[in-house]
Protein chains: 2
Amino acid sequence: MSVTHNEVASQYERGLGLLLQLALVLHHDLAQSLARDGLTVSRVRVLWELRARGPVLQRELADALDVAPRTMTGIVDGLVATDFVTRQPHPTDRRAALVTLTPRGEATIAAMEADQARFVEILFGGMSEERLACLIDGLEEVLARLRQHGLQLPSASEEESA
Amino acid sequence: MSVTHNEVASQYERGLGLLLQLALVLHHDLAQSLARDGLTVSRVRVLWELRARGPVLQRELADALDVAPRTMTGIVDGLVATDFVTRQPHPTDRRAALVTLTPRGEATIAAMEADQARFVEILFGGMSEERLACLIDGLEEVLARLRQHGLQLPSASEEESA
DNA sequence: TATTGTTATACTCTATAACTATA
DNA sequence: TATAGTTATAGAGTATAACAATA
């Protein structure tokens, strides 16, 4: 019942190939889907951060997305121009601006979450409970391993269900 | 022992969140890693295609990556300028050019594959055989479902082990 | 007429470097 | 001196539209 070293290595390669394929296709599909709403992956990641953390400094957003401060200026510029966020003055630090969701930004996030229902049906609908649980456990372990190695993690959703 | 509808829906959301997180972090990490070698995700996807399919028309590459023909011109331009590929005349169709790996391109792909060994150790090293097999099964099912729904799939690795 | 690939143009993300205003 | 955010500049991916050469 035991497998050889080569078979384990082969499984590793297969797993990596699957993860990369899935990463590229999901990223690509997400980008195309967002483009139809005038959004981009980076801009939506900012919206996700704002939903999770409330108004924050651009510097914090730049750190969270692992981009240069100048890059975040451009991303926020785009979100301001399309009325998803505003820059509010910081109450005590006159250098800083608090990036804040507009009503449109909040409504957009809410709509996107509602929209996910159709997508999860494609991904998981009818999948056995056992297999889904197993997949989730595996994904969580892989993500935990990546975190341990200092790779940057977006906070796409950070519920920590008890 | 059975779960409620709400619990299933919650698992769906959790699964989607994990997949998106993983997609974004892997895409981001891949992009940064490739940048150190003067490559980009799109360019490497072209190299992968060439490795798997041999010399092909730009049009086929554009379809495979789901980008406009003009976009592929730019990607191939970049690969030609950095000596990863060449444009060879098509034997019968004088309009077309066959994009072909250079020795440097082939060597780079080989080196990247060797390099993956360290990465899979981070992702899977020491993971139980059972959990890895389970994760792989789940990923394959999700990918199959995406394929059925017409989403674009890069061919990061297309071994079809019997 | 259809197809391959191009030039032209524009927008976004990304990075580095230098700078201003403020702390 | 250090920090927040900017202007300036540059390279890459993406898209649409118009065009050339060829099939």
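Predicted model, so just to flag it, every value in this text is computed and none were measured.
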Using atom [atom1] of [X] as one end and atom [atom2] of [N] as the other, report the distance to the nearest whole Å.
{"X": "B:Met72", "N": "D:dG13", "atom1": "CE", "atom2": "P", "value": "10 Å"}
{"X": "B:Leu65", "N": "D:dT14", "atom1": "CG", "atom2": "P", "value": "7 Å"}
{"X": "A:Arg59", "N": "C:dT22", "atom1": "CZ", "atom2": "C1'", "value": "15 Å"}
{"X": "A:Leu30", "N": "C:dC13", "atom1": "CG", "atom2": "P", "value": "13 Å"}
{"X": "B:His90", "N": "C:dT3", "atom1": "NE2", "atom2": "P", "value": "16 Å"}
{"X": "B:Leu57", "N": "C:dT6", "atom1": "CG", "atom2": "C1'", "value": "15 Å"}
{"X": "A:Gln58", "N": "D:dT3", "atom1": "CD", "atom2": "P", "value": "17 Å"}
{"X": "A:Arg36", "N": "D:dT14", "atom1": "CZ", "atom2": "C1'", "value": "15 Å"}

**Item:** Pair B:Glu49 + B:Arg45, salt bridge at N-O below 4.0 Å
**Value:**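 No.
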**Message:** Less than 4.0 angstrom from a charged side-chain N to a carboxylate O is my criterion; do B:Asp77 and B:Arg87 meet it?
**Reply:**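 Salt bridge between B:Asp77 and B:Arg87, a charged N being under 4.0 Å from a carboxylate O: yes.
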By the 4.0 Å heavy-atom rule, please label [X] as base, sugar-phosphate, or nothing.
{"X": "A:Thr73", "value": "base"}
{"X": "A:Thr40", "value": "sugar-phosphate"}
{"X": "A:Ala68", "value": "base"}
{"X": "A:Glu60", "value": "nothing"}
{"X": "A:Ala97", "value": "sugar-phosphate"}
{"X": "A:Arg70", "value": "base"}

**Asked** Ignoring hydrogens and angles, does a donor from either the side chain of A:Arg95 or the base of D:dT3 sit under 3.5 Å from an acceptor on the other?
**Response**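 By the distance-only test, yes, there is a pair.
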**Message:** Taking the nucleotide of DNA chain D with the nearest heavy atom to each, does A:Asp77 or A:Gln32 sit closer to the 5' end?
**Reply:**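 Between the two, 5'-proximity favours A:Asp77.
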**Prompt:** In terms of the nearest nucleotide of DNA chain D, which residue is placed more toward the 5' end: A:Ala96 or B:Ser42?
**Reply:**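 So the residue in question is A:Ala96.
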Minimum heavy-atom distance [X]-[Y], with the two atoms named:
{"X": "B:Leu18", "Y": "A:Glu140", "result": "CD1-CG, 3.6 Å"}
{"X": "A:Pro69", "Y": "A:Ala62", "result": "CA-CB, 4.2 Å"}
{"X": "B:Thr82", "Y": "B:Arg104", "result": "O-NH1, 2.6 Å"}

Hey, is the side chain of [X] poking within less than 4.0 Å of OP1 or OP2 on [N], counting only N and O atoms?
{"X": "A:Arg94", "N": "D:dA4", "value": "no"}
{"X": "A:Thr71", "N": "C:dA15", "value": "yes"}
{"X": "A:Arg87", "N": "D:dG5", "value": "no"}

**Request:** Examine the side chains of B:Thr108 and B:Glu106 and answer whether a donor and an acceptor come within less than 3.5 Å of each other.
**Result:**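 Result is no, nothing qualifies.
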**Request:** Find which nucleotide of DNA chain C each of A:Gly78 and A:Asp93 is nearest to by heavy atoms, and output the residue with the more 5' nucleotide.
**Result:**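 The residue closer to the strand's 5' end, by nearest nucleotide, is A:Gly78.
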